[in-house]
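For reference, the structure is listed below as C-alpha cells.
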Amino acid sequence: MAQATEKTMDAIVSLCRRRGFIFQSSEIYGGINGFWDYGPMGAALKRNLKNAWWQDIVERELPGPDGKPVSVVGLESTIIMNPKVWEASGHIGGFNDPMVDCKDSKSRYRADHVLCLGLKGQTEGGQLYAFLEGDDDGLAKARKKLEKYTKRSLEDAELDTCAFMDLSAEERAITVGPDTKEVGTLTEPRMFNLMFETHCGAIRNDDAKAYLRPETAQGIFVNFHNVVDSSRVRVPFGIAQMGKSFRNEVTPRNFTFRSREFEQMELEFFIHPDEAQTWYDFWRNERYRWWKAIGLAGDNLILRDHDTAELAHYAKNGAGVCDVEYKFPFTDPGFGELEGVAHRSDYDLRQHAEHCGKGDKWRYLDQLTNERYFPHVIEPSAGADRGTLALICEAFTPDDSRPSKVYMNFEPRVAPIKAGIFPLVKKDGMPEIADKLYRELRRKHVVEFDEKQSIGKRYARMDEVGTPYCMTIDGDTASDQAVTIRERNTQSQERVALDKVADFLDEKIGS
RNA sequence: GCGGGUGUAGCUCAGUGGUAGAGCGUCACGUUGCCAACGUGAAUGUCGGGCGUUCGAAUCGCCUCACCCGCUCCA
C-alpha cells in the first residue's frame with residue numbers, strides 16, 4: 001500500500017488511481033496521450049464542482065455591483081459548428097503560434113521568441129546568430145560565435161538585434177540556429193493548427209471539413225441574438241455554458257492539467273461599453289471569492305493581473321485581464337491557471353456581425369434608451385478539469401497519525417460521498433438499523449453503506465475519498481436511539497439522536 | 001516536437017539469460033464492541049506493446065506507446 005506521507009504529485013496520482021478518481025484513458029491499450037477518464041469518485045467530484053458553478057452562476061441569486069441580482073441564463077451549444085465560426089473568431093489563422101524548426105538539432109522554437117544577433121549596418125555577407133528572447137546565456141553564446149566568425153572582439157555598439165520573424169529568406173539562409181553550428185538549418189516560421197479536424201457526412205473532402213471546438217465561448221456569441229430574442233434578458237446579462245472543448249496540444253502535460261479533451265465552464269457577460277470597468281472588477285473579485293469558497297481557501301490560490309504585454313489581441317486597451325491561479329505541486333513555486341477573467345471588448349460580436357453579413361443590424365437594441373450598440377463582454381472562463389485537479393491537490397492532506405496516512409479535505413459541498421453509514425459490527429440488529437438510516441439519508445444525500453471488515457478500515461477508506469462524516473450504529477443505538485458521528489478532519493466523535501441525523505447532514509452539507 | 005528519466009499484480013517494489021514473486025490492498029466465510037485487528041480460504045499479470053538475438057528473454061538489441069522532469073505551450 002502507498003505510504004503517501006508527502007504531498008507529491010506521484011502520491012496524488014497514485015491515490016487518484018487507487019480510489020477511483022482519475023484513470024488514464026484507454027489504459028488497457030497503452031493509453032492515449034492527453035486524455036483522462038474519471039472514475040466513480042472523480043466523476044462525482046467533478047460533477048459537484050460543475051453543479052456548484054452552475055448553481056452559483058445561473059440559478060442562485062448573486063448581488064451585482066449595484067446590489068441588484070446579476071442576470072445570467074444558460075446555454076448548451078454544439079461541439080461541431082459551421083467552420084465559418086472559427087474563421088470569424090480568428091481561430092483559423094491567428095490562433096496558432098508560428099513555430100520554427102531546426103533541421104540539424106531537431107529543436108522547435110516559438111518563432112516570435114527567436115532573436116538574431118548580427119553586425120550593425122551589415123547588409124550583405126556575414127552571418128546572423130539566433131538566440132531565444134530572455135536567454136542571457138544564449139545571447140552570450142551567440143556573441144561569442146559572432147566574434148569567432150569575425151575573428152575579433154566586438155563592442156556593444158557594433159551589435160544589432162532583430163526578430164527572426166522579420167528576416168527575409170536570404171537572411172534566414174545565413175542564420176545559425178540557437179543549438180547548432182550550421183547556417184540555414186532553421187525553417188521558415190510555420191503555423192501549427194491546434195484544432196482537431198473531422199468531416200461531416202460520408203465524403204471526406206475539404207468542403208466537408210469541420211472542427212471540434214477549441215473553446216465553448218463562440219457557441220455563446222453566435223447565439224447571442226437567439227437568447228436575447230427568446231428569453232427577455234436585458235444588458236447587462238450573462239450567458240453561461242459548460243462543455244467539452246478540444247485542443248490538439250503539442251505537449252499534453254502535468255496529469256489532467258493540460259489535456260487534449262477538456263471541459264470548460266464559461267460565462268460571457270454582456271455589458272454596456274461604459275460599464276466595462278465596473279463589471280470587470282466585479283467578476284474579477286467574484287470569481288476569486290468563488291474558488292476560495294469551493295475549497296481553495298489556502299495560500300495556494302492567487303489572483304494575478306496580466307501585464308499589458310501578455311494581453312490577447314482582443315483585450316488590448318480593455319478594462320483588464322486576470323487569472324485565478326493555483327499553486328499545483330507541479331507548478332510550485334509557480335502557479336497554474338484555473339480561470340481567466342478577460343474584458344474581450346465587443347471583438348467577438350463584431351467579428352460575427354461582419355462575417356455573417358448582418359453588420360450593424362446585429363447590434364443590440366436597448367429598448368429603454370433606444371440606443372443600438374455592440375455590447376462589450378466580460379468573460380470569466382474556467383477549466384473544470386483543472387478545477388477538479390486543484391480541489392484534489394488542495395484536499396490531499398498527509399497525516400501519519402492515522403491508518404490511511406492521508407485524508408482528502410474536501411469541502412462538504414464537493415465531497416463525492418457526504419457520509420458513511422456503518423454498523424459497528426455485523427450482528428445484534430446493528431446492520432438493520434444502519435440500513436434503515438442509509439435509506440432515509442439517501443433520499444437527499446450521496447451516502448454510503450458499508451458493513452464489511454473492521455470499523456477502522458472503513459473509516460480509513462472514507463478518509464481517502466474525503467467523506468466528511470461517518471455515522472456508526474453501535475450496541476447502544478437500539479436502546480438510546482442515537483448514533484456516533486465521526487468528523488473526518490478532527491476524527492472527533494459526537495453522539496446524535498437517530499431522528500436528528502438527517503437534520504445534522506442537511507445543516508452541514510446544505511441541500 | 002527536442003533532451004533526460006521511468007514502465008513487473010489495484011498500490012509499493014524485488015527479480016540482470018533458465019518454472020513470474022513479496023508486502024499491503026481486494027473478495028468470501030468465520031470472528032468482532034470505534035480508527036487499515038485476527039483466523040481460514042480465494043481471485044488478480046499482454047513483466048507497457050512489437051520485432052529481433054538466443055535452445056531459452058521481465059532480463060540483451062532495435063522500434064514504438066504511455067507517464068514523469070526540463071525546454072516549449074496553455075483553458
Side-chain angles (χ1 to χ4, degrees), chain A residues 1-4 8-11 13-20 23-36 39 95-97 99-102 105-110 113 132 135 178-179 192 194 214-217 244-247 249-266 310 323-325 330-331 336-340 342 379-387 401-405 407 422-428 430 451-464 470 472-476 483-486 488 491-493:
Chain A
M1 197 195 84
Q3 299 299 304
T8 63
M9 212 51 216
D10 281 350
V13 171
S14 170
L15 181 136
C16 281
R17 175 172 178 71
R18 188 171 69 243
R19 287 301 172 203
F23 310 124
Q24 195 177 4
S25 171
S26 334
E27 188 192 55
I28 62 168
Y29 291 107
I32 177 167
N33 198 351
F35 297 88
W36 300 91
F95 179 75
N96 312 298
D97 298 306
M99 303 294 286
V100 54
D101 287 328
C102 176
S105 68
K106 307 294 181 200
S107 306
R108 175 174 290 173
Y109 316 95
R110 274 277 300 270
H113 286 182
L132 296 178
D135 176 10
D179 302 300
F192 287 79
L194 262 55
E215 62 174 33
T216 55
K244 288 285 183 75
S245 291
F246 303 81
R247 291 186 194 175
E249 295 288 350
V250 178
T251 312
R253 204 41 93 70
N254 290 330
F255 203 28
T256 59
F257 183 76
R258 186 157 75 248
S259 307
R260 289 183 166 139
E261 174 176 342
F262 58 99
E263 190 151 13
Q264 294 184 296
M265 306 185 292
E266 292 199 300
E310 57 181 317
D323 289 339
V324 178
E325 299 187 337
F330 50 79
T331 59
E337 181 181 347
L338 289 184
E339 171 160 357
E379 176 196 73
S381 168
D385 303 277
R386 289 181 172 191
S401 75
R402 63 178 80 196
S404 56
K405 307 293 185 196
Y407 66 99
F422 305 147
L424 183 58
V425 290
K426 198 165 40 174
K427 61 177 186 181
D428 297 343
M430 295 181 216
E451 58 178 8
K452 307 279 176 65
Q453 301 176 315
S454 71
I455 191 71
K457 196 172 281 198
R458 284 175 273 166
Y459 287 157
R461 290 167 61 100
M462 289 296 103
D463 280 350
E464 275 198 326
C470 291
T472 302
I473 286 74
D474 59 27
D476 297 331
V483 301
T484 299
I485 298 185
R486 168 191 186 267
R488 175 194 61 207
Q491 304 181 77
S492 62
Q493 304 189 338

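Protein chains get the first letters and strands the later ones, always in sequence-line order, with residue 1 at the start of each. These numbers come from the heavy atoms of this one structure, side chains and all, not from hydrogens, waters or symmetry mates.
- Among the protein residues, Phe257(A) comes within range of the nucleic acid bases, having at least one heavy atom under 4.0 Å from a base atom.
- With a cut-off of 3.5 Å on both pairing distances, the Watson-Crick or G-U wobble partner of C60(B) is G52(B).
- Side-chain N/O atoms of Asn254(A) include none lying less than 4.0 angstrom from OP1 or OP2 on C68(B).
- When the C1' atom is used for both G48(B) and U8(B), the distance is 10 Å, rounded to whole Å.
- Residue Lys405(A) places none of its side-chain N or O atoms closer than 4.0 Å to OP1 or OP2 of A36(B).
- G17(B) is unpaired under the criterion used here, namely a Watson-Crick or G-U wobble arrangement in which both key atom distances are under 3.5 Å.
- Applying the side-chain hydrogen bond (donor to acceptor under 3.5 Å, both in side chains) rule to Glu325(A) yields the partners Arg304(A); only residues at least two apart in sequence or on another chain are considered.
- A28(B): Watson-Crick or G-U partner is U40(B), with both key distances under 3.5 Å.
- Every salt bridge (Lys or Arg N to Asp or Glu O under 4.0 Å) that Glu263(A) has, sequence neighbours left out, goes to Lys46(A), Lys50(A).
- Arg260(A) comes within contact range of no nucleotide atom at all, as no heavy-atom separation falls under 4.0 Å.
- Remark: Arg386(A) pairs with no residue by the salt bridge (Lys or Arg N to Asp or Glu O under 4.0 Å) rule, at least two apart or across chains.
- Across the P atoms, G41(B) and U46(B) are found 27 Å apart, a figure rounded to whole Å.
- Listed by chain and residue number, nothing satisfies the side-chain hydrogen bond (donor to acceptor under 3.5 Å, both in side chains) test with Arg258(A) (two or more places apart in sequence, or in another chain).
- Note on Gln491(A): a base of the nucleic acid sits closer than 4.0 angstrom, heavy atoms only.
- Looking at heavy-atom distances under 4.0 Å, Glu249(A) makes contact with a base.
- Under the side-chain hydrogen bond (donor to acceptor under 3.5 Å, both in side chains) criterion, Asp474(A) pairs with Thr477(A), Arg495(A), not counting sequence neighbours.
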Report each atom pair, protein N/O against N/O of nucleotides 7-9 of chain B, whose distance is under 3.5 angstrom.
none

Below 3.5 Å is the cut-off: list the nitrogen or oxygen pairs between protein and nucleotides 29-34 of chain B, distance only.
unit_1	atom_1	unit_2	atom_2	d
U32(B)	OP2	Lys427(A)	NZ	3.1
G33(B)	O6	Asp428(A)	OD2	2.6
G33(B)	N1	Asp428(A)	OD2	3.4
G33(B)	N2	Gly475(A)	N	2.6
C34(B)	O2	Tyr459(A)	OH	2.5
C34(B)	O2	Gln493(A)	NE2	2.7
C34(B)	N3	Tyr459(A)	OH	3.4
C34(B)	N4	Asp474(A)	OD2	3.0
C34(B)	N4	Thr484(A)	OG1	2.9

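- Salt-bridge annotation for Arg17(A) and Glu27(A): present, with a side-chain N of the basic residue lying under 4.0 Å from a carboxylate O of the acidic one.
- The same atom, C1', is picked in G10(B) and in A43(B); the two are 12 Å apart, to the nearest Å.
- For Phe330(A) and Phe255(A), the distance between ring centers is not under 6.0 angstrom.
- The base-pairing partner of C35(B), taking Watson-Crick or G-U wobble contacts with both distances under 3.5 Å, does not exist among the strands shown.
- For the side-chain contact (heavy atoms from CB on, under 4.5 Å) test, residues two or more places apart in sequence or in another chain that qualify with Glu451(A) are Pro423(A), Lys426(A), Pro431(A), Phe449(A).
- C13(B) sits 13 Å from G7(B) when the C1' atoms are compared, rounded to a whole Å.
- With sequence neighbours excluded, no residue forms a side-chain hydrogen bond (donor to acceptor under 3.5 Å, both in side chains) with Gln491(A).
- Nucleotides C34(B) and U44(B) have their P atoms positioned 36 Å apart, rounded to a whole Å.
- Taking atom P on both nucleotides, C47(B) is separated from G33(B) by 44 Å, rounded to a whole Å.
- Remark: the separation of the C1' atoms in C67(B) and A75(B) is 22 Å, to the nearest Å.
- Contact annotation: Arg461(A) does not reach the phosphate of A36(B) (side-chain N/O to OP1 or OP2, under 4.0 Å).
- Taking the C1' atom of each, C65(B) and C51(B) are spaced 15 Å apart, rounded to whole Å.
- Across all strands shown, G70(B) is found opposite C2(B) as a Watson-Crick or G-U wobble partner, with both distances under 3.5 Å.
- Geometrically, Arg488(A) does not engage Tyr407(A) in a cation-pi contact defined by less than 6.0 Å to the ring centre and at most 45° from the axis.
- Closest-nucleotide positions on RNA chain B for Leu338(A) and Ile32(A) were compared, and the one nearer the 5' end corresponds to Ile32(A).
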